[in-house]
Amino acid sequence: MHIPDATTTATHCPYCALQCGMLLRPEPGGGTVTVEERADFPVNRGALCGKGRTAPAVLSSRVRLTEPLIRTHAGQLEPATWEEALDAVAEGLARTGRAYGPDAVGVFGGGGLTNEKAYALGKFARVALRTSQIDYNGRFCMSSAAAAHQRAFGLDRGLPFPLEDIPRTGCVILVGSNLAETMPPALRYLTELKANGGTLIVIDPRRTRTAEQADLHLAPRPGTDLALALGMLHLIVAEGRTDEEFIAARTTGWEEARAAAMAHWPELVERITGIPVPRLREAVAMFCAPSSAMVLTARGPEQQSKGTDTVGAWINLCLATGRAGRPLSGYGCLTGQGNGQGGREHGQKADQLPGYRKLTDPQARAHVAGVWGVDPDSLPGPGRSAYELLDALGTDVRALLLMGSNPVVSAPRAAHIEDRIRSLDFLAVADVVLSETAALADVVLPVTQWAEETGTTTNLEGRVLLRRRALTPPPGVRTDLEVLHGLAGRLGVEKGFPTDPEKVFEELRRASAGGPADYSGISYARIESEQGVFWPCPETPPTPDQAPATTTSAATTDPATTTSAATTDPATTTPAADPTPAGATAPAAATDPAPAPVHAGTPRLFLDGFATPDGRARFVAVSHRDAAEVPDALYPILLTTGRVVAQYQSGAQTRRVDELNAAAPGPFVELHPRLAARIGAVDGSPLAVVSRRGRAVAPARITDAIRADTVFMPFHWPGEGRANTLTNPALDPVSRMPEFKVCAVRVEPA
């Protein structure tokens, strides 16, 4: 193990929701850092993917923004001072609000912002701008899973258990995740699962690097994951594999959910999904054979216009077999963005206040308003969801402040969204690089990035982590907190927007106290000493007669041997912090009062009960329905989209790293040899993919690892190969998630 010394800083990767631990060492002469292994961090145990290893490349002034830019009357972005830039942004936002009302001003955030920045941005929208029009790109990540979590369990946390539990369960069903490419260090949990005798079922229309690890790979037609889950539940009921004792004791709604599932008999499901009935039976047998099992979903089933119901069907599968709220079992979502979890917990989402409180709850409004020092009635109500906000630009929403997102590349129906952004009266973008969206702005504000600032993130396990500043940012760059402080002052709000991230976190703790995502017992010092703290973590633990039904926080027992405590294995998990500081003398027990008890955090949720009023999980009756678009004579092929290992999200940062571009230089269209032969495609030749929303062109990549009725495109690139030019913005009625993962297209040589 490498022990950090005075020249290294222990921190976390800026990319995906694993938030892998790493050490940063400043290079001689300053200005940048090198990445070193941090084997002591339990999530990645030193392993890093290529994106993490090369993350410091984006710190270079050669690729990043180092001074504010203002668009001149001639239409060019030209350098400006910070005072000029902040004045221009404040005036642009204020002018729009005066002319059209506060809701004509929008705010769009990002799932990569730290908890402190997400919290401050939500507060800024509601206190300084008084607008309801705020949402963030995390709506495009795991919002369907979050909605399904809330419906079934009463609480949304990506994984209700730590990653370390995965190798110890009996079977994992992985739905719509290419873990080997999206978060490579996590693949070890699946290889360890198999080494321990467990089995892996991967559900994906492509035979990905992850699917190649599976004991069973099911390749359903895109958009039919809901039918697949219902068909499996039908077989579980028909074969007598349900856990009737668990259903009776810990759930409600089973009769309705069972009736809905029984309408999806195996032969019907085979016709819908393309999965043969014997393979369905094999999957059911594998899932039900061991005493413990998990279902993990990612964007595949979630980014659909029925994503909430689809995730709900997989949750029903867990509940019907007693695989939830028990050790080494349960449903979990593999969050995508680095702070996709924390980003929505603390106020960026259109309908939420800090602590995962509902904006429509009078008590929640009163609590948060009290922390903010404002009248609860002054807080605006819920606004538009992410796509609906972007779609309203230039009409109802006339000015926009955007932080940490690149919707010109990442939004569905991207050409339309680009037109909407261009039609704004005023656009201000705070970003690290001149992204495709920033290039359209009236004012661009250069901000610090992960290695140049301190702040917390919350990874996919619900583990709150601390990134420490490792080097000084360039002179012309400021933090997002400094930007919000400067803008708030210019808008007449002189107090309430500190620039010190720890002060912001202390306020966040108070604002979240008592909420579903309670961070009040978490501090920077505690995060460092414990390798992260799992929420919920109230400031003090409940007394035995006050223990909530959702969790128990004692970190004393092996979860494999108990069903009553939210526990962690003492051999693998850091215990609660010792209240006596290192180097101090413990008080004498005979003369001094005992120290206040410390809540241990909650690695495992729901073992004592679910976060519903009666402590029972809710079955939700769901039925299959088609995707918003199905193939027809004009658009006979299905398109699905996703990521490749060397690029990340819209590619705004990774496309500026030479090593990553060498590995993944541009977009492509993956198609089956039979489809290629039918349309006359040649490997490497340009293909046009056309949907009802537009046309994209990229080289053909012919492989038998994809269904013959489906093509795949990665979504990291702008220009003519922009996959999101094609994608469908049809929204899930509950989560408001767009249907990124399936639309009808035609494919032809370009």
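Just so you know, these numbers come straight off a predicted model, no measurement behind them.
From Thr727, atom OG1 reaches atom CG of Leu639 across 8.0 Å, with rounding to the nearest 0.5 Å. In this structure, CG on Leu218 lies 5.0 Å from CD1 on Ile275, to the nearest 0.5 angstrom. Interatomic distance, CG of Leu48 versus SG of Cys20, reported as 6.0 Å (0.5 Å rounding). Remark: Leu200 CG to Met294 CE distance equals 12.5 Å, nearest 0.5 Å. Separating the CG atom in Leu731 from the CZ atom in Arg139 is a distance of 9.5 Å, to the nearest 0.5 Å. Residue Thr208 holds its OG1 atom at 8.5 Å from CG of Leu174, rounded to the nearest 0.5 Å.
Side-chain atoms of Thr725 and Arg722 include a donor-acceptor pair closer than 3.5 Å. Checked by atom type, the side-chain pair Asp135/Gln348 shows no donor-acceptor distance below 3.5 Å. Side-chain contact of Arg221 with Thr224: a donor-acceptor pair under 3.5 Å is absent, judged by distance alone. Under the 3.5 Å distance criterion, with hydrogens and angles disregarded, a donor-acceptor pair is assigned to the side chains of Asp732 and Thr308. Using modelled atom types and a 3.5 Å distance limit, the side chains of Ser385 and Glu388 yield a donor-acceptor pair.
Of the possible donor and acceptor atoms, none in the side chain of Lys51 sits under 3.5 Å from a partner among the backbone N and O of Leu660. Using modelled atom types, one side-chain atom of Thr437 and one backbone atom of Val408 make a donor-acceptor pair closer than 3.5 Å. Under a 3.5 Å cut-off, the side chain of Ser685 and the backbone N or O of Ala681 do not form any donor-acceptor pair. Distance alone, capped at 3.5 Å, places no donor-acceptor pair between the Thr273 side chain and the Leu228 backbone. Panel note: side chain Thr654, backbone Gln647; no donor-acceptor pair is recorded below 3.5 Å. No donor-acceptor pair under 3.5 Å is formed between the side chain of His264 and the backbone N or O of His234. Proximity of a side-chain donor or acceptor of Arg64 to a complementary backbone N or O of Leu59 within less than 3.5 Å is detected. Counting only distance, with no hydrogens or angles, the side chain of Asp632 and the backbone of Leu634 share a donor-acceptor pair below 3.5 Å. For Asp431 (side chain) and Leu434 (main-chain N/O), no donor-acceptor pair under 3.5 Å exists by modelled atom type. Judged by distance alone, with hydrogens and angles left aside, the side-chain atoms of Asn339 form no donor-acceptor pair with the main-chain N or O of Gly112 at under 3.5 Å.
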Practice prompt. Please step through salt bridge (Lys or Arg N to Asp or Glu O under 4.0 Å) for the pair Arg53 and Glu659, ending with a clear verdict.
Written response: CA-CA 10 Å; Arg53 287 188 297 98; Glu659 181 179 330; 3.2 Å; yes

Let me see the working for Leu159 and Leu296 under side chain to side chain contact (heavy atoms under 4.5 Å, CB included), right down to the final yes or no. CA-CA 9 Å; Leu159 292 180; Leu296 305 177; 3.9 Å; yes

| query | Checking side chain to side chain contact (heavy atoms under 4.5 Å, CB included) for the pair Lys306/Ser623: CA distance, chi angles, key distance, verdict? | reply | CA-CA 10 Å; Lys306 53 182 181 294; Ser623 297; over 6 Å; no

request  = Could you give me the CA-CA distance, side-chain angles and deciding distance for Leu190 and Ile166, then say whether side chain to side chain contact (heavy atoms under 4.5 Å, CB included) is met?
outcome  = CA-CA 7 Å; Leu190 300 181; Ile166 292 174; 4.2 Å; yes

Q: Using the side chain to side chain contact (heavy atoms under 4.5 Å, CB included) rule, take Arg420 and Leu390 through it: C-alpha gap first, then chi angles, then the decisive distance, then the call.
A: CA-CA 7 Å; Arg420 294 291 84 225; Leu390 294 171; over 6 Å; no

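Considering all non-hydrogen atoms of both residues, Gly158 and Met142 come closest at CA-CE, 3.9 Å. For Gly684 against Pro699, the heavy-atom pair with the smallest separation is O-CB, 3.7 Å. Of all heavy-atom pairs spanning Asn137 and Gly404, the tightest one is ND2-O, 3.7 Å. Between Ala57 and Val63 the shortest heavy-atom distance is O-CG2, 3.7 Å. Between Ile417 and Asp391 the shortest heavy-atom distance is CD1-N, 4.1 Å. Closest non-hydrogen pair, Leu687 versus Ala700, comes out as CD1-CB, 3.6 Å.
Residues Thr297 and Ser177 form no side-chain contact, since every pair of their non-hydrogen atoms from C-beta on lies 4.5 Å or further apart. Using a 4.5 Å cut-off on side-chain heavy atoms (C-beta onward), Val175 and Val295 make contact. For the pair Leu402/Ser405, a side-chain contact is recorded, criterion being any heavy-atom separation below 4.5 Å from C-beta on. Between Ile203 and Ile173, the closest side-chain pair of non-hydrogen atoms falls below 4.5 Å. Within the 4.5 Å cutoff, side-chain heavy atoms of Trp450 are placed close to those of Leu24. Using a 4.5 Å heavy-atom cutoff, the side chains of Trp314 and Leu226 are not in contact. In this structure, Gln213 and Val202 have side chains that are not in contact, with every pair of non-hydrogen atoms separated by 4.5 Å or more. Contact check for Ser435 versus Ser650: no side-chain heavy atoms found under the 4.5 Å cut-off.
Ionic pairing of Arg693 and Glu629 is present here: one or more N-O contacts between side-chain nitrogen and carboxylate oxygen are shorter than 4.0 angstrom. The existence of a salt bridge linking Arg707 and Glu670 is excluded, since no basic side-chain nitrogen approaches an acidic carboxylate oxygen closer than 4.0 Å. Ion pairing between a basic and an acidic side chain is recognised when a charged N comes within 4.0 Å of a carboxylate O; Arg45 and Glu192 show such pairing. Ion pair Glu267/Arg271 not flagged as a salt bridge, since none of the NZ, NE, NH1 or NH2 atoms sits closer than 4.0 Å to an Asp/Glu carboxylate oxygen. The pair Glu212-Arg209 does not meet the salt-bridge criterion, since no charged nitrogen lies less than 4.0 angstrom from a carboxylate oxygen. Salt bridge Arg413/Glu739: absent, no basic N to carboxylate O contact under 4.0 Å. Taking a cutoff of 4.0 Å between a charged side-chain nitrogen and a carboxylate oxygen, Asp309 and Arg625 qualify as a salt bridge.
Heavy atoms from other residues, nucleotides or ligands lying under 6.0 Å from CZ of Arg701 number 12 at most. The neighbour count for Arg674 CZ, taken as heavy atoms of other residues, nucleotides or ligands under 6.0 Å away, does not exceed 12.
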Show me the side-chain donor-acceptor pairs of residues 741-750 shorter than 3.5 Å, one per line, residues at least two apart or across chains.
unit_1: Lys741; atom_1: NZ; unit_2: Gln303; atom_2: OE1; d: 2.7
unit_1: Lys741; atom_1: NZ; unit_2: Thr641; atom_2: O; d: 3.1

Could you tabulate the donor-acceptor pairs under 3.5 Å formed by side-chain atoms of residues 276-284, not counting sequence neighbours?
unit_1: Arg279; atom_1: NH2; unit_2: His217; atom_2: O; d: 2.8
unit_1: Arg281; atom_1: NH1; unit_2: Glu239; atom_2: OE2; d: 3.0

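Among residues two or more places apart in sequence or in another chain, the side-chain contact (heavy atoms from CB on, under 4.5 Å) test is passed with Gln649 by Gln337, Arg643, Phe715.
Using cut-offs of 30° and 60° for the angle between ring planes, the Phe740 and Phe140 rings count as perpendicular.
Val444 pairs with exactly one of Val433, Leu427, Leu69 by the side chain to side chain contact (heavy atoms under 4.5 Å, CB included) rule, that one being Leu69.
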